[in-house]
There are 2 protein chains.
Amino acid sequence: MSTIYDIANACGVSIATVSRVLNGSSKVSPKTREKVLAAMREQNYSPNPFARGLGLDSMKMIGILCTDVSDAFFAKAVSLVEHGLRKRGLDVILGCSGTELSEKKKYLQLLLNKHVDAIILIGSPFRETNDNSHLEAAARQVPIVTINSLIDLPNVYSVDCDVSSGMKQVVELLAADGYTSILYLYDQLTYSGQQKLQGHREGLAECGLPEQPELIRRVERTLGEPQGLVEKLLDDKVPFSAIVTSEDLIAIGAQKALVARGIRMPVIGCNNSILAECSTPSLTSIDNRLDILCPTAVKLLTKILNGEKESAPSQTIFPPLLVFRDSFTVKNTVDK
Amino acid sequence: MSTIYDIANACGVSIATVSRVLNGSSKVSPKTREKVLAAMREQNYSPNPFARGLGLDSMKMIGILCTDVSDAFFAKAVSLVEHGLRKRGLDVILGCSGTELSEKKKYLQLLLNKHVDAIILIGSPFRETNDNSHLEAAARQVPIVTINSLIDLPNVYSVDCDVSSGMKQVVELLAADGYTSILYLYDQLTYSGQQKLQGHREGLAECGLPEQPELIRRVERTLGEPQGLVEKLLDDKVPFSAIVTSEDLIAIGAQKALVARGIRMPVIGCNNSILAECSTPSLTSIDNRLDILCPTAVKLLTKILNGEKESAPSQTIFPPLLVFRDSFTVKNTVDK
DNA sequence: TTAAAAAATGTTAACGGTTACAAAAAAATA
DNA sequence: TATTTTTTTGTAACCGTTAACATTTTTTAA
């Protein structure tokens, strides 16, 4: 590994000059610049990131914190964010904390300890509890951008999708189609989980439908549990005529229960991951626009890192997109 | 941010003593140790990773390089590896290079430039070409552990699953059941892609079945392309009685074409991702044991980082697992 | 009680960059 | 040509650790 001193020696210049060439900061005469660049190429030089980091307190690394990359939703988000950051010359430290609040705190601290330049938080930082004191503390050290959850704290910037309205719209569409007994299956009440549930309730209220506790059920984010629950509800003859869920995986589990019994009714997922397409019948799903949120978050972040905090909106919200597939199409309305 | 000097001052000791407490290296008297630890707690001290990195040329970060985390297979692998590394106090820099060789090279270089302690390579480093000169060069700088591809180079350690035998076994099972015209759909001929194809061919040979070019077809790793191809083959009345694929996603696409026409025949996927379970009928799939490969790779890596290279096997191979689901069960054999 | 050995602590030079400031060289002006 | 201005380059301090080596303190042995 050659150092800045090696390059300086090779060209008969000082290390300051080499550093200047490296950073393109202040002026260097064209011919010395060329000489230095040639030496760098020759020696295959690459600046030591630790030394640089020590001086500048930055290694141009962004921490990405999510719950679980093996989940299709987070995987897509991480992928999109990683691409965006790379394109801008930023490296990515990945942390998958799981759902436990204590773990999330620990991971947040781990990233801070590594002196990342910023943190991108995918999904919700808190669960049922609204304790985000740790986030507040973290934001005092580095800017934080959250994707898919809205947090109002200094130095925290949120890019979110209004899934609440999506959920509401789904209820309205179903109701308009005569599906008035809607089974709502949700998993964790993270920020977006709460939004979804609220949207569902608003939809019910809007349509003058009653809120039935036995039709608003919490399940694990798995295939088996929703499937089992739906089977049980069918066994118990609990009446419902459509299923809406907070996640595609849950929807698919539920749909499997239906398919197994030859029952056909509208099933709506959320997140519109690849799973939705894989399901048979393919799943109608609320798309939370990660394809827009993630690039937006990255752009926002670069702005902030460039010191343009003033022009960085602390909240950016996009509308969701309903993607209709076989499990429920608006055409139903017409066909019926 | 308090430094080692702040702590030293606060306790009236030298920075060397603080450093010793920090590293637990040489002896420090119990009472000064306590005093120092107390000051650290009080000042919420955490050592500057860049300074440490500069001295030790290590920030205890491992680079993970994969093709695409948004793909269920890589997502699962990255997730498993991340967990294992975290548990051992190692941080993770993630790189998603895509399939282009030039990009892979670039990403490899990016990780090296960050002075990662090691690189874990998930999936294949090369495609149809067998050019792994860049890997060889990289391995001269840091140890490399590959997951799901076998590479014979100094300082490269491979943890792999023998999918070839899995593929072979599938053909044998199908043939034994009377399914002798097998459509084989594959995507990229990465290392494991080649292994799979070879296993398939071996299976055909073993069973005395002919290799039919029109039944060994390359498709994109998407849902739509295999679906379209199968539809076309059906239209063209190309005869086949079972479908085997190199990836679950492809299998699901193919199966969708069958389901749409009410045709039922064995469909076998590979990788056994969550997609396989989501499909209806649920997909029989070859599990390449990421649940074992990934922890093994991490353990191997820690061994290597601990300087126990001698006792680190350069190749570790696990057998695959056939996971039978609705799209093809061995019970078929009995039932028929 | 003193000398020797062991344990604890301190001093200081790396590690490889960045950058403020100083100095030298080149260009512009008088 | 001498002087001023501008451009280019060099010097050296600093960033916060680690660790070799030196020194002091404590313990043990004589």
Side-chain angles (χ1 to χ4, degrees), chain A residues 1-40 43-61 89 91 112-117 141-142 305, chain B residues 1-40 43-61 89 91 112-117 141 305 307:
Chain A
M1 283 283 86
S2 71
T3 73
I4 207 173
Y5 288 92
D6 299 324
I7 305 295
N9 280 339
C11 312
V13 300
S14 75
I15 57 165
T17 300
V18 178
S19 177
R20 284 187 192 104
V21 172
L22 220 43
N23 300 297
S25 48
S26 58
K27 294 262 122 47
V28 178
S29 81
K31 52 182 178 298
T32 37
R33 149 167 281 113
E34 246 338 297
K35 209 166 44 171
V36 170
L37 287 174
M40 285 179 172
Q43 299 193 31
N44 204 274
Y45 170 80
S46 109
N48 184 305
F50 305 143
R52 229 178 202 176
L54 186 54
L56 306 175
D57 194 29
S58 156
M59 244 177 76
K60 294 211 168 293
M61 295 194 309
D91 268 82
L112 292 176
N113 287 348
K114 287 283 171 184
H115 287 224
V116 292
D117 291 38
Q141 297 192 45
V142 292
L305 292 179
Chain B
M1 282 282 87
S2 71
T3 73
I4 208 173
Y5 287 93
D6 299 324
I7 304 296
N9 280 338
C11 313
V13 299
S14 74
I15 58 165
T17 300
V18 179
S19 177
R20 284 187 193 103
V21 172
L22 220 43
N23 299 298
S25 49
S26 60
K27 294 261 120 51
V28 178
S29 81
K31 51 182 180 299
T32 37
R33 149 167 283 112
E34 246 339 296
K35 208 167 44 173
V36 170
L37 287 174
M40 286 178 171
Q43 299 193 32
N44 204 276
Y45 169 80
S46 110
N48 184 304
F50 305 142
R52 229 179 201 174
L54 185 54
L56 306 174
D57 194 30
S58 155
M59 243 177 77
K60 295 214 169 291
M61 296 194 309
D91 268 80
L112 292 175
N113 287 347
K114 286 284 170 183
H115 287 224
V116 292
D117 292 38
Q141 297 192 45
L305 292 179

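So you know, we letter chains A, B, ... as the sequences are listed, proteins then strands, and number each from 1. FYI, side chains are in, hydrogens and waters are out, and symmetry mates aren't considered; it's all heavy atoms of this structure.
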Whole angstrom value for the distance that separates [atom2] of [N] from [atom1] of [X]:
X: B:Asn48; N: C:dG17; atom1: CG; atom2: C1'; answer: 13 Å
X: A:Phe50; N: C:dC15; atom1: CZ; atom2: C1'; answer: 11 Å
X: A:Asp6; N: C:dG17; atom1: CG; atom2: C1'; answer: 13 Å
X: A:Asn9; N: C:dG16; atom1: CG; atom2: C1'; answer: 14 Å

Do [X] and [Y] come within less than 4.5 Å of each other through their side chains, counting heavy atoms only?
X: A:Met1; Y: A:Asn48; value: no
X: B:Leu22; Y: B:Arg52; value: yes
X: B:Ile4; Y: B:Ser19; value: yes

Checklist entry - In Å, rounded to the nearest 0.5 Å, how long is the span from NE2 of A:His115 to OG of B:Ser46? => result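 Atom-to-atom, A:His115:NE2 and B:Ser46:OG are 5.0 Å apart.
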
Next on the checklist: If we check side chain to side chain contact (heavy atoms under 4.5 Å, CB included) with B:Val18, which of these qualifies: B:Asn23, B:Asn9, B:Val36, B:Thr32?
Outcome noted: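 Output: one option passes, namely B:Val36.
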
Next on the checklist: I'd like to check the side-chain contact (heavy atoms from CB on, under 4.5 Å) partners of B:Leu37; sequence neighbours left out, ordered by chain and number.
Outcome noted: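 Per chain and number, B:Leu37 pairs via side-chain contact (heavy atoms from CB on, under 4.5 Å) with B:Val21, B:Arg33, B:Glu34, B:Met40, B:Arg41.
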
Next on the checklist: Tell me every residue that passes side-chain contact (heavy atoms from CB on, under 4.5 Å) with A:Ser2, counting only those two or more places apart in sequence or in another chain.
Outcome noted: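 Scan of A:Ser2 (side-chain contact (heavy atoms from CB on, under 4.5 Å), adjacent residues dropped) gives A:Asp6, A:Ile7, A:Gln43, A:Tyr45.
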
Mind listing the closest non-hydrogen atom pair of [X] and [Y] along with its distance?
X: A:Ala39; Y: A:Ala10; answer: CB-CB, 4.4 Å
X: B:Phe50; Y: A:Leu54; answer: CB-N, 3.5 Å
X: B:Asp117; Y: B:Met59; answer: OD1-N, 3.7 Å

Item to check | First-last contacting nucleotides on DNA chain D - partner chain A, under 4.0 angstrom, heavy atom | outcome: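 Boundary nucleotides touching chain A, in 5' to 3' order, are D:dT8 to D:dG16.
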
Item to check | Terminal axis angle for the helix from C:dT1-D:dA30 to C:dA30-D:dT1, five pairs an end, nearest 10 degrees | outcome: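 One end axis against the other gives 40°.
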
Checklist entry - How does protein contact run along nucleotides 18-26 of chain C, one letter per nucleotide 5' to 3', with B for base contact, S for sugar-phosphate only, - for none, heavy atoms under 4.0 Å? => result BBB------

Checklist entry - Who pairs with A:Lys114 by salt bridge (charged side-chain N to carboxylate O under 4.0 Å, His left out), at least two apart in sequence or on another chain? => result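 A:Lys114: salt bridge (charged side-chain N to carboxylate O under 4.0 Å, His left out) contacts with B:Asp91.
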
Next on the checklist: Both B:Pro30 and B:Leu54 contact DNA chain C. Which one's nearest nucleotide lies toward the 5' end?
Outcome noted: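 Whichever sits nearer the 5' end wins; that is B:Pro30.
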
